[in-house]
There are 2 protein chains.
Amino acid sequence: MNASRSPAPARITAKTKLIDAAHDLVRRQGYAATTVDQICAAAGVTKGAFFHHFPSKEDLGVAAAAQWTARAAPLFELPPYTRLEDPLERLLGHIDMRMAMIDGPAEGFTCFVGTMAQETFASNEALREASSESITAYCEALAVDVQAAIDRHGIRDNITAESVAWHVQTVLQGAFVIAKASGDPEKARESVRHLRRYIEAIFNISS
Amino acid sequence: MNASRSPAPARITAKTKLIDAAHDLVRRQGYAATTVDQICAAAGVTKGAFFHHFPSKEDLGVAAAAQWTARAAPLFELPPYTRLEDPLERLLGHIDMRMAMIDGPAEGFTCFVGTMAQETFASNEALREASSESITAYCEALAVDVQAAIDRHGIRDNITAESVAWHVQTVLQGAFVIAKASGDPEKARESVRHLRRYIEAIFNISS
DNA sequence: CACAACATACCAACTGGTTGGTATGTTGTC
DNA sequence: GACAACATACCAACCAGTTGGTATGTTGTG
């Protein structure tokens, strides 16, 4: 039978190369300033290939947002700290890792969907929605450890796990903006350091 | 005599209308997606007027960034809390005001220079620099009260005033991104609430 | 004051290059 | 030989910027 064959298991085709190129170019230039021709050139394929795989530039954006989510997943599984027993230590380990990632040129560590959402939130609902879903997925993954940390250690002022996770995401997105504007990744890391101190403060670490 | 007369005192000319239109449209659509024709239409002038006042679209961007700084200045002078005696209360009052401003459509409360910097940091040094200067001016103005609050109340971990001011800016920029992506200003306000709690925590309020 | 010389502010029509998208091949593989 | 995966050639709309011009000040000088 095999009525619905599984989709070709992530071979390195023009499709994935186009998405990778979009991740790179959009983070560097923004969505609107990035042309289809540029993406094709960076991917080493022609326009025919582009429009064979994606009906429009917008559809590539949506696909690239979904792929961005998949690309972030390993952050919650692979690093060493993810196997720590205390969920609060896992959370702080995650923040330390995000801080360490903020280095080198901004296009290397900034967020594809955050950049795209900013340009399209009012003019292209499909792209805003796709970006929003990717950010939401990150926050939901992070909130799991936050909730576990609350269960273990307790937290001040009845703060919710979701709220903390979204705040982490907010500080990261803000740090990316500041890194881009100032040209100084250290300014961005400094804010993540403030975020870490805040997390330590709201959990009752002593208990 | 009168060799260098002062420049015409801010009349409502095509120039100011074009800058206002740019502030509005760029915050809504981004810099690259906003066309000169759109700006002219919104300002109610022709393209001829545009290129009479600005040699290029880029020059308008630089002028609009400078004007954005001037537009933000009243935030540090006019509101009632700016006359409070305790600098920490002035700082918290400022944050409360920024939180209250996050309401309605995102293009109404988000940051022109933050948006522009994100799209141009790697491709247009003049616009990145102009945006950076505007953000820096905001942080320097804010740092004055932060330093006064440190002098009065003391602060944990030898945190510097500049670092706190930049963190405030970072959280605000991140809140704007989240508001745009999620379409929910409340998510953005929630992060500013976390920021407020952090500020309270790092100052030794009891002393 | 008068008036030429010049500057400023603005406009409508146009242009050369760019952009997203299309129409029509060609090629490799089951 | 059928079909997916590409490539080549092309187009209509759009975009930043230009051109040539008008209307309305402003200034220096007799």
Side-chain angles (χ1 to χ4, degrees), chain A residues 1-22 25-26 28-64 116 119-120 123-127 130, chain B residues 1-22 25-26 28-64 67 116 119-120 123-124 126-127 130:
Chain A
M1 300 300 114
N2 191 8
S4 65
R5 209 177 21 192
S6 62
R11 276 165 37 228
I12 302 163
T13 59
K15 190 165 188 171
T16 64
K17 283 195 287 183
L18 284 165
I19 288 176
D20 285 348
L25 286 167
V26 170
R28 203 198 315 268
Q29 309 174 337
Y31 174 80
T34 300
T35 70
V36 172
D37 280 322
Q38 283 178 331
I39 296 172
C40 291
V45 301
T46 61
K47 243 170 152 175
F50 184 104
F51 286 102
H52 171 71
H53 289 289
F54 306 104
S56 69
K57 185 187 175 186
E58 176 186 272
D59 283 275
L60 165 71
V62 171
M116 197 164 69
E119 293 180 73
T120 59
S123 52
N124 190 319
E125 178 62 15
L127 290 178
Chain B
M1 303 301 116
N2 193 9
S4 67
R5 211 177 21 191
S6 63
R11 280 166 31 227
I12 301 161
T13 59
K15 190 164 186 172
T16 64
K17 284 195 288 184
L18 284 165
I19 289 175
D20 285 349
L25 286 167
V26 170
R28 202 198 316 269
Q29 308 174 338
Y31 174 80
T34 299
T35 69
V36 172
D37 279 320
Q38 285 178 328
I39 295 171
C40 292
V45 302
T46 62
K47 237 170 161 175
F50 183 103
F51 285 101
H52 170 71
H53 290 287
F54 306 104
S56 68
K57 186 187 176 187
E58 175 187 306
D59 284 273
L60 166 71
V62 171
Q67 186 56 35
M116 196 164 69
E119 292 179 73
T120 59
S123 51
N124 190 320
L127 290 178

- Item | Spacing of NE2 belonging to A/His53 relative to CG belonging to A/Leu60, to within rounding of 0.5 Å |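 Answer rounded to 0.5 Å: 11.5 Å.
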- Are any of A/His53's side-chain N or O atoms less than 4.0 Å away from OP1 or OP2 of D/dA5?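 No, A/His53 has no side-chain N/O under 4.0 Å of OP1/OP2 on D/dA5.
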- Distance below 4.0 Å between B/His52 side-chain N/O and C/dA9 OP1 or OP2: yes
- Query: Of the non-hydrogen atoms in A/Ala14 and A/Val45, which two are nearest, and what is the gap between them?
  - Reply: CB-CG1, 3.8 Å
- What's the shortest heavy-atom distance between A/Phe54 and A/Ile19, and which atoms?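 Closest approach of A/Phe54 to A/Ile19, heavy atoms only: CZ-CG1, 3.9 Å.
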- Between A/Thr34 and A/Gln29: side-chain donor-acceptor atoms closer than 3.5 Å: yes
- Pairing partner of C/dA23 (Watson-Crick or G-U wobble, both distances under 3.5 Å): D/dT8
- Item | Contact check, side chains of B/Glu119 and A/Tyr31, non-hydrogen atoms, under 4.5 Å | no
- Reading nucleotides 19-29 of chain C from the 5' end, what letters show protein touch, with B for base, S for backbone sugar-phosphate only, - for no heavy atom under 4.0 Å? SBBB-------
- With sequence neighbours excluded, what pairs up with A/Phe51 under the ring pair (Phe, Tyr, Trp, His ring centres under 6.0 Å) test? none
- Separation of B/Gln29 atom CD from D/dC15 atom C1', in whole Å?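 Distance check: B/Gln29 CD to D/dC15 C1' gives 14 Å.
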